[in-house]
Amino acid sequence: MSASTLHPKLYTKNLEQIPTRNGYGEALLELAKHNRHVVVLTGDLAESTRVLEFSKKYKDQFIECGVAEQNMAGIAAGLALSGKIPFISSYAVFSPGRSWDQVRVSICYNNANVKIAGAHTGISVGPDGATHQALEDIAIMRTLPNIIVLAPCDFEETKKATRAAAAWNGPVYFRFTREKTPCITTVQTPFEIGKAEILKKGRDVSLIVCGPLVYKALIAARQLMQEKINCEVINNHTIKPLDAKALLTSIKKTKAVVTIEEHQIMGGMGSAVCELLSQHYPVPVEMIGMRDTFGESGKQEELLEKYGMGVKDINTAVHKVLKRKT
Amino acid sequence: MIKTKRYKLELIANTLRQDVISMLAHAGSGHSAGPLGLADFFSVLYFHILRHKPKEPLWEKRDRFILSCGHVCPILYVTLARSKYFSLKTLHSLRTLGSPLQGHPHRGSARGIETTSGPLGQGFSVAVGMAIAARMDKTSHRIYCLTSDGEQNEGQVWEAAMFAGVKGLANLTLFIDRNNIQIDGTTDAVMPLEPLADKYRSFGWHVIDCDGHDMDAIDDACAEAKKKRLKPTVIILHTTPGKGVRFMEHNYIWHGIPPTQEQARQALLELKEARKKLSGKSLATKLLSYVS
Ligand SMILES: [Mg+2]
C-alpha cells in the first residue's frame, strides 16, 4: 500500500482528530440498517461506548444489562447461539477484564459469534486513572482459542473493524481508545482482518505498531528520515491471527524491529511479534509499551510521554535497535 | 399424567440410573450423586416435557435445555443416548481421549449438547440470552435451564436472576437441584442458601417448590411455569443425592467420585431389584384401576 491512501492532511497541523470509539457507534448504526440480527448490549455505559444513539434508534436490538459484565457475556453467547450477532459494549477493564472466564467458556469454547468491544484501552484514557486504563486486555484475549483480536488505529479503521467483525463468523475482540486521536486513514484505506498494512516502506528498521500510536510511529519515521534512517511502518491492527507473511517479509529486509503499543509489553502485540520472530527469524527487537507498572491520572499526552510511548521514545528505540543490528 | 405414562417414565429413570453407574464405573472418574438424584427429573424432562427431535438436533423450534451445572453431565449423556441422539456404545468413551463425551459437556462434540458448561453460573446467563432471542424473534419454544444448589454461590447466578426477573422472561424455566450437598460438604456447611425461594421471589420470579422424585409434581410445575405470562419461573427440585443407591444417598462424599467395579455391581443389583418392584407396583395399580 502506498502512502497516498493515507489521509492527505496527515502531516499537517489541521489534521482532523476523532475518538476511535465514535467509529464503533457510527458503524453499528449503519449495520443495523441492513441487519435486524445485530444486537448491541451494554453494561450501563451506552453513552461513553457511543451506542446511545443506537439504543434510541434500534430499541428492539438493544439490551441494557446493567453493571453485570459476566452475565452480559453469557447473554451475548445465548443470543449468538440463537442466530444473533451481539456486540458487547463496555470498558475493556470490565469486559473482558471481569468476564474473562465467561469469554473463555461461554463465548470462545462454544465458538459463539459474539463481538466484544473494549473501550477505554491504553494509558491515554487519562484522568480516570489506572483502574480504568486497560493495559492487559490484548494479553488475556489472545491466549484464548477461536477468538480474533483487533486494535484499529483511528476513527475510520474502527468503523471498518466493526463492519469486519460483524461479517466474521466467530468471536472477535476489538479495542478502542477514549480521547481524540489523529485520522490517519481514509475511507479508501484497505482493511482486512489478518492482513497487516505497510503504511510507509523502508529498509533499515520495521516499526510494528497498533492503535492510535500508529500516528506517532509515522511522525517518528518522518523525523528519522532526516537522519537518513529509513523506517518501514506497519499498522499491525490484527494481533491474532498475526499476518506472519507480511511481518516476516518486512523483517527479513530490515533485520531490526521496534514494536509499539498502548499495552503492557508482557503478553501484548509486541510479545506476539516476538513469538513469531524467535521461532522463524530472530532479529534484535526493542519494545515500546507499559513496563510492568500501573498508570495514573493525567492528560493523554503527558501520560504517553511519562510512560515512554511518545515520539521521542520511538526515536530512541530505533537508535538502540540499530546499534544492536549486526 | 396417566399411570401408564408414569410407569414408562419410572422405568426410564431406573434405566438412566443403571446407565450412569455402568458408565462411571467404566470411566473410573466422574460425579455420582448429582446424576443419580436427577434421573427422575431427566426422565420426565426428555421423555415427556421437551419438544425436541433427536434425529434433527438443530431443529429451530426445539425447546432448549441448558445444563448449567456441567458436572452432572453423566445424566445428560445417558439421557441423550437413550433419546437416540447418539449410540449407547458412545457412553463407554466418557472422559477418554477423542471422546465426544468430555468430562464436562462441550457444544459441538456430541449431538444434543446445547452449550459448553462446567464453570458454574455460565449456563444460566446463556439460557437468559436464548430466552431474549426467542422473545425478539417471537418464537414459541421454551428455554429450560438446570443449575445446582452449590452453583447459587456464584455471583453470576444473581446477575442472571436479576436480569431475567426484571425483563419478565416468562419463556424461561430454571431448575435448581436442591440436593443440599456440594463438593466440600453440605450446602449449609459451605454457604447456606436459605431462604432460597424468597430470594428468587424478591428478584421477580415465580417460585415452585417441588419433590424432585415425584414425576407428577415435576410435570405439574412445568405446566404451571408455562402458563405464566409475565415472570420467569424457578422450580426448586428437592432431590436426594445418590437416589436409588443406598450407600450413596445423602452422602456428600459421592459428589465427585465414581463407584469402583465392586460398588457398581452392588449398585446395579439394588437398581435391578427396584425395577422389579416397580413393575410389581405398577401391575398392582393397573389391577386396582381395572377393579375400580
Ligand atoms: Mg448440590
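Residue numbers start from 1 in every chain, and the chains themselves are labelled A, B, ... in the order their sequence lines are given, proteins ahead of strands. Only this structure's heavy atoms are used, side chains among them; waters, hydrogens and symmetry mates stay out.
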Heaviest contributor of heavy-atom pairs below 4.5 Å to chain A, chosen from D137(B), V166(B), I132(B), is D137(B)
Ranked by heavy-atom pairs below 4.5 Å to chain B, first place among I63(A), D101(A), V67(A), V39(A) goes to D101(A)
Where does [X] contact chain B at under 4.5 Å (heavy atoms): side chain, backbone, both or neither?
{"X": "L41(A)", "result": "neither"}
{"X": "R104(A)", "result": "neither"}
{"X": "D60(A)", "result": "backbone"}

When rounded to the nearest 0.5 angstrom, what is the spacing between [atom1] in [X] and [atom2] in [Y]?
{"X": "E159(B)", "Y": "M72(A)", "atom1": "CD", "atom2": "CE", "result": "9.5 Å"}
{"X": "M136(B)", "Y": "L79(A)", "atom1": "CE", "atom2": "CG", "result": "6.0 Å"}
{"X": "N71(A)", "Y": "S125(B)", "atom1": "CG", "atom2": "OG", "result": "3.5 Å"}
{"X": "M130(B)", "Y": "I75(A)", "atom1": "CE", "atom2": "CD1", "result": "12.5 Å"}

Taking a cut-off of under 4.5 angstrom between non-hydrogen atoms, the residues of residues 109-124 of chain B near chain A are E114(B), T115(B), T116(B), P119(B), Q122(B)
Step through the shown structure and confirm whether more than 12 heavy atoms of other residues, nucleotides or ligands are within 6.0 Å of [atom1] on [X].
{"X": "R142(B)", "atom1": "CZ", "result": "yes"}
{"X": "E60(B)", "atom1": "CD", "result": "no"}
{"X": "D198(B)", "atom1": "CG", "result": "yes"}
{"X": "E53(A)", "atom1": "CD", "result": "no"}

If only side-chain N and O atoms count, and only distance matters, is there a donor-acceptor pair under 3.5 Å linking Q156(B) with Q102(A)?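 Present: a donor and an acceptor within the cut-off.
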Nearest heavy-atom pair of E64(A) and F163(B): which atoms, and what distance? O-CE1, 3.7 Å
